[in-house]
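As the structure lists them, so they are numbered: ligands from 1, and atoms in each ligand from 1.
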Amino acid sequence: VSGEFERIDGFLRAFREAGGVSSGPEVPLGPGDDAALVSVSGPLAVTTDAVIEDVHFRRAWATPGQIGHKALAVNLSDLAAMGARPVAFTCALGLPGDVDDAFLHELARGMGRVASRHGAVLAGGNFSRARELSVTITALGRGGGLRRDGARVGDRLFVAGTLGEAAAELAGLVAGRLPARGAGTLHEPVPQVEAGLVAARLARCGIDVSDGLAQDAGHVAAASGVRVLIDFARVPRSARFEALTAGMDAATRAGFVVAGGEDYALVVAAEAFAAGPLGEAGFVEIGWIERGSGVEVRGLPPGTRLAGHDHFG
Ligand SMILES: [Mg+2]
C-alpha cells in the first residue's frame, strides 16, 4: 500500500482510465486545491449518500468495481429523481488497512465508467483510514423541478426502469442460492438520468425507488396530500427478475416488486397529456393519483408483504 498522495494519484489515474474526468467547463478547478470551483447558473440540486460495508454491501458479494459503480449511481439516481442533470461530485473514502491499491483502482474504474456515462465530473475527495470500507458521495446537478409534493389529484403515475430484481438477487445471496458479484441491478444499478431530464419538462413530481415502490410512493402521497393507486400487473419487471424468481410463489415475487428496495427506478406523477412523450422516453404507466391519503396496490396476490426494504435486516 502506497502513501496517501500516491494513493490519491493512483485513484485519479484509474478513474480517468475508465473515461471519468476531473475538470470541465462547469468545474474549472478540480481535485488538488483546498476546494474545487464549480461554475453553474441557476438552481443547483445537491444530494449526499454513503454506501457502507456490511450495511449496504458486502465485499464477498460485490466486486470493487461494482462498489464504486453503485456508490455514484445511487447519488445520480437522486439527481434523476429531481430531474437534475449531473454536474459534479465529491467522493470521501473510508479505507480499512486490508484494501490494497489494486482493489482501490478497480473501485475507481467502476466509478469512472458511471461518471463518464452520465457526465458527472469528479471535483474532489478525501481518503481516511476507517474500520470498514465506505464511500460517501455528494453530487451536484443543474436544475430539477420534480418534487415529492408535486402530485395532484387526476395525475397519472409512471415509472422508468424495472422493479424487484435487486431484492430478488439480495434474497438469493442471503440464502446462498446465487453466485456473488452478479452483473445486475443490485450491484450495478442504472440511474434514470435521461428519463429524469425528460420528466422535468413534463411533470412536477418525482421520486426514485430506493426503499421499495409502495414505501417510496407513500412519501409522494404524504408530501402531496393525495392517495396513490398502483396497478400491480402493470409494474415492469426485468427479464433477469423473471429468471431469478422462476418457480417462486406469487406472493414472494410480488413482494420483491412492490416492497423490495435498491432498484433505483424513477417514479413520476404527471398530467394525462404527458403520457405520450413519457412513453417515448421509456416510462410505463402504472397507476394514478386520487383524493385521500396513503398507497393502494391493486391486484396483488394474497399474502404479499408490503413492508419496505431494510438492507440486510
Ligand atoms: Mg431518493
- Taking 4.0 angstrom as the limit, do E169 and R177 come out as a salt bridge?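 Salt bridge between E169 and R177, a charged N being under 4.0 Å from a carboxylate O: no.
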
Under 3.5 Å, which donor-acceptor pairs link side chains of residues 130-140 to any protein atom two or more places apart or in another chain?
from	atom 1	to	atom 2	distance (Å)
T138	OG1	T48	OG1	3.0

- Hey, could you give me the OG/NZ distance between S77 and K70, rounded to the nearest 0.5 Å?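 Those atoms lie 11.0 Å apart.
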
- Item | R16 side chain to S22 side chain, donor-acceptor N/O pair below 3.5 angstrom |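 The criterion, which ignores hydrogens and geometry beyond distance, is satisfied for S22 and R16.
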
- Task: Write out all pairs satisfying ring pair (Phe, Tyr, Trp, His ring centres under 6.0 Å) with one or both partners inside residues 264-297, taking only residues at least two apart or from two chains.
- Result: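 Matches after skipping sequence neighbours: none remain.
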
- Sequence neighbours left out, what pairs pass ring pair (Phe, Tyr, Trp, His ring centres under 6.0 Å) with at least one residue falling in residues 91-143?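 Counting only pairs at least two positions apart or across chains, the ring pair (Phe, Tyr, Trp, His ring centres under 6.0 Å) contacts touching residues 91-143 are F11-F127.
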
- Task: Spell out the protein N/O/S atoms under 2.8 Å from the Mg ion (ligand 1) as residue plus atom name.
- Result: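 Listed by chain and number, the atoms are D78 OD1, D208 OD1.
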
